[in-house]
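In this text the structure is predicted, and so the values were computed from the model without any measurement.
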Amino acid sequence: MSTEETQIPEESVTNYEVGQDNLQRFGLDIHNPVFPISAAVIITFVALTLLFPDAVDGFFGWLRPAITSTFDWFFILAGNIFVLFCLYLVLSPLGKIRLGGKDALPEFGYFGWFSMLFAAGMGIGLMFYGVSEPITHFTASLEGGSAAPLGGFVGDELASRRLGMAATIYHWGLHPWAIYAVVGLALAFFSYNWGLPLTMRSAFYPLFGERVWGWPGHIIDTLAVFATLFGLATSLGLGAQQAVAGLNYLFGVPDTLLSNIVLIVAITGVALVSVISGLDAGVKRLSEINMGLALLLLVFVFAVGPTLVLVRGFFGNGWEYIKELIPLSNPFGRGDDAYRTGWTTFYWAWWMSWSPFVGMFIARVSRGRTVREFITCVLLIPTVVSVIWMTVFGGTALTQTIGGFTGIVDAALEVKLFVMLDQLPLSMISSFVGIVLVIVFFVTSSDSGSLVIDSITAGGKIDAPVSQRIFWASFEGLVAIALLAGGGLAALQGAAITTGFPFAFLLIALCWSTLLGLRAERRKPFLETVRAEAG
């Protein structure tokens with residue numbers, strides 16, 4: 001008998017009830033043992049990091065290069081698997097399956113849906129790296145060596161510009177969104193079509209069966225909590241660094257650890273208000289405000305920057321990305337070690353550590369979409385937006401640099417955006433909007449993540465007590481503070497890689513589990529017809 005026949009029940013039904021293992025005491029509704037284990041480990045981590053920052057700095061300073069230099073091939077290969085899996089689902093008959101059943105209707109319109117998935121997916125990252133990454137790859141390509149993508153084009157500014165943009169878009173295009181898509185699809189399908197709790201363990205039901213409600217599932221959900229929290233902390237730390245650097249650049253606010261901590265505390269407070277307000281009143285509204293502000297800044301830079309160059313650049317950059325996609329995705333036999341391990345591997349680990357959070361959030365707002373519609377929109381729409389964003393911000397910075405302005409190249413990573421904006425009209429206003437945008441992205445990531453972690457640690461419940469959301473939103477800020485205090489950017493990136501590495505294995509298994517589930521779902525109408533005729 002085949003694996004599929006033995007591991008998937010014909011009726012796709014479990015006797016497990018959402019929340020049946022929960023403890024309901026002191027006004028809380030928490031899953032036992034996922035909540036207490038996750039909370040205890042994270043509280044211990046925060047305490048040790050704040051008490052022994054030098055030791056933590058040394059640990060993460062060793063850990064990140066140890067993982068990236070040893071397993072870079074595995075991260076890149078895993079990313080390719082997720083893209084190919086998504087393409088297979090789009091092209092196969094399985095793409096016709098509707099999340100929630102054939103009569104399910106979408107809960108949100110396209111604009112609201114796109115706003116939420118995009119703001120949750122990579123908002124702070126685009127602000128932080130939108131200028132700095134194209135410039136970094138451009139200068140590395142000009143100089144050559146292991147930091148240059150694919151070896152670069154020494155001394156050739158035009159070729160280096162094209163390669164720098166392609167290498168940047170590679171990190172923000174199909175691959176990261178394929179990672180999010182496989183998790184989001186699995187969670188939405190098993191929750192809405194099979195009636196399982198909206199939590200990571202449910203996605204492995206075809207592999208583990210009823211055992212998924214025991215320790216195999218406890219381990220999966222606990223790892224999901226760690227990955228989500230540390231992935232979020234990495235983004236919040238980057239956002240705080242950039243916002244404080246921008247305030248220092250514009251208004252002379254001291255760029256110190258204390259300033260970063262004060263900002264994280266203040267923004268966490270705003271995020272708490274949004275979390276308490278809920279999905280529609282809080283997260284959805286802030287996400288739409290985010291999209292409006294981002295569009296405003298994008299249009300402004302496009303209008304006052306090198307507009308004709310940017311128009312040509314959009315199509316040129318898109319083509320360069322397509323042309324270089326296979327070489328950049330090749331995990332073997334390359335000489336650009338510093339680029340591959342320092343950028344690609346970090347990004348893939350960061351996206352994988354974010355995948356439980358972003359995937360679950362996308363799942364919560366994607367009921368009623370077909371598998372094909374879900375995959376196509378989650379992959380293509382954000383990829384096109386990323387090409388536009390990187391073209392406008394990175395392209396403007398590259399044009400300024402090639403024109404002779406060296407300030408962007410010389411500036412610190414977190415200030416490059418503001419140095420670029422300073423060369424355009426109304427720079428004080430646009431830079432201030434940029435700071436506000438970073439902060440609002442900060443808030444939407446924090447409150448979205450709190451809702452997701454709360455759902456996991458409440459056994460899949462989406463209506464757990466508000467006090468639990470407050471707990472997790474607060475600890476996201478505390479973990480970000482602890483990581484900044486214990487090593488800054490290196491500690492943030494090290495934490496993302498640490499949690500992303502084990503999750504890469506889980507996500508590969510998740511793809512197989514999802515495929516088994518979708519095949520079983522497609523057989524259900526046929527089985528029902530056979531039973532009806534036999535009866």
Side-chain angles (χ1 to χ4, degrees), residues 65 68-69 72-73 76 126 128-173 175 301-302 305-348 386-424 489:
T68 56
S69 60
D72 58 301
W73 63 271
I76 295 174
L126 286 175
F128 195 89
Y129 290 108
V131 168
S132 60
E133 187 174 353
I135 285 290
T136 300
H137 297 331
F138 166 74
T139 54
S141 178
L142 279 177
E143 297 170 0
S146 67
L150 303 176
F153 295 96
V154 178
D156 189 334
E157 288 187 339
L158 181 59
S160 293
R161 175 177 183 143
R162 291 172 177 170
L163 179 61
M165 291 301 303
T168 299
I169 295 169
Y170 169 61
H171 292 148
W172 299 88
H175 282 74
V301 174
F302 176 78
T307 305
L308 293 179
V309 174
L310 299 180
V311 171
R312 291 194 299 268
F314 171 74
F315 298 100
N317 295 336
W319 169 245
E320 290 296 324
Y321 166 58
I322 295 171
K323 188 173 69 173
E324 302 293 351
L325 183 59
I326 292 178
L328 290 168
S329 303
N330 173 30
F332 304 111
R334 291 168 55 176
D336 52 354
D337 292 351
Y339 166 80
R340 195 176 64 258
T341 62
W343 286 92
T344 304
T345 306
F346 160 65
Y347 271 130
W348 275 206
S386 295
V387 173
I388 295 172
W389 186 275
M390 291 301 180
T391 295
V392 171
F393 286 85
T396 300
L398 287 170
T399 300
Q400 293 173 355
T401 301
I402 293 173
F405 178 64
T406 61
I408 302 173
V409 174
D410 298 335
L413 197 68
E414 60 269 17
V415 186
K416 292 183 185 292
L417 169 66
F418 305 108
V419 175
M420 181 274 287
L421 292 174
D422 200 32
Q423 303 305 303
L424 303 176
L489 183 61

Which of these passes side-chain contact (heavy atoms from CB on, under 4.5 Å) with H171: W348, F346, Y129? W348

Step-by-step side-chain contact (heavy atoms from CB on, under 4.5 Å) determination, V392 to F314: CA-CA 8 Å; V392 171; F314 171 74; over 6 Å; no

State which residues pass salt bridge (charged side-chain N to carboxylate O under 4.0 Å, His left out) with E320; sequence neighbours excluded, sorted by chain then number. K323

Under 3.5 Å, side chain of Y170 to main-chain N/O of L328, donor-acceptor pair present? yes

Atom pairs and distances, side-chain donor-acceptor, residues 142-151, under 3.5 Å, sequence neighbours left out:
none

Of all heavy-atom pairs between V419 and A411, which one has the smallest distance, and what is that distance? CG2-CB, 3.8 Å

Return the CG to CD distance between N330 and E324, rounded to the nearest 0.5 Å. 12.0 Å

Which distance, rounded to the nearest 0.5 Å, do you find between the CG of L417 and the CG of L126? 11.5 Å

Heavy atoms, side chains only, cut-off 4.5 Å: are I135 and V409 in contact? yes

Of all heavy-atom pairs linking E133 and A167, the shortest is OE2-O, 4.1 Å

Which pair of heavy atoms, one from S329 and one from H175, lies closest together, and at what distance? OG-CE1, 3.4 Å

Do any pairs count as a ring pair (Phe, Tyr, Trp, His ring centres under 6.0 Å) and have a residue in residues 405-424, sequence neighbours left out, and if so which ones? none

May I ask you to decide if F153's main-chain N or O and S160's side chain share a donor-acceptor pair within less than 3.5 Å? yes

Can you tell me if K416 uses its side chain to pair, donor with acceptor, with the backbone of V131 under 3.5 Å? no

Begin from the C-alpha positions of M420 and T399 and carry the test side-chain contact (heavy atoms from CB on, under 4.5 Å) through to its verdict. CA-CA 10 Å; M420 181 274 287; T399 300; over 6 Å; no

Nearest heavy-atom contact between H137 and G164 is CB-CA, 3.7 Å

Can you sort out the partners of V154 under side-chain contact (heavy atoms from CB on, under 4.5 Å), two or more places apart, ordered by chain and number? none

For E414, which residues count as a side chain to side chain donor-acceptor pair (under 3.5 Å) partner, sequence neighbours excluded? none

Take V311 and F302 through the side-chain contact (heavy atoms from CB on, under 4.5 Å) test and state the conclusion after the steps. CA-CA 9 Å; V311 171; F302 176 78; 3.6 Å; yes

Sequence neighbours left out, what passes salt bridge (charged side-chain N to carboxylate O under 4.0 Å, His left out) with D422? Give chain and number order. none

T136 meets the side chain to side chain donor-acceptor pair (under 3.5 Å) criterion, sequence neighbours left out, with none

Starting at CG of L398, measure out to CD of Q400 and round the result to the nearest 0.5 Å. 9.5 Å

Determine the interplanar angle of the W343 and Y347 rings, folded into 0 to 90°, and report it as parallel if under 30°, tilted if 30 to 60°, perpendicular if over 60°. tilted

Please list, chain by chain and in numerical order, all residues satisfying side chain to side chain donor-acceptor pair (under 3.5 Å) with T391, sequence neighbours excluded. N317

Please name all residues satisfying salt bridge (charged side-chain N to carboxylate O under 4.0 Å, His left out) with D337, sequence neighbours left out, ordered by chain then number. R340

Sequence neighbours excluded, which residues qualify as side-chain contact (heavy atoms from CB on, under 4.5 Å) partners of S69? none

Quick check on the 6.0 Å ring-centre criterion: do F393 and W389 meet it? yes

Can you confirm whether Y339 sits close enough to R334 that some side-chain heavy atom of one is under 4.5 Å from a side-chain heavy atom of the other? yes

Report yes if the side chains of P306 and T396 come closer than 4.5 Å at any heavy-atom pair, otherwise no. yes

Suppose we screen for side chain to side chain donor-acceptor pair (under 3.5 Å). Which residues come up paired with S132, at least two apart in sequence or across chains? none

Of all pairs that satisfy salt bridge (Lys or Arg N to Asp or Glu O under 4.0 Å), the ones with a partner from residues 154-165, not counting sequence neighbours: none

When you look at V387 and M390, which way does the side-chain contact (heavy atoms from CB on, under 4.5 Å) test go after all the steps? CA-CA 5 Å; V387 173; M390 291 301 180; over 6 Å; no

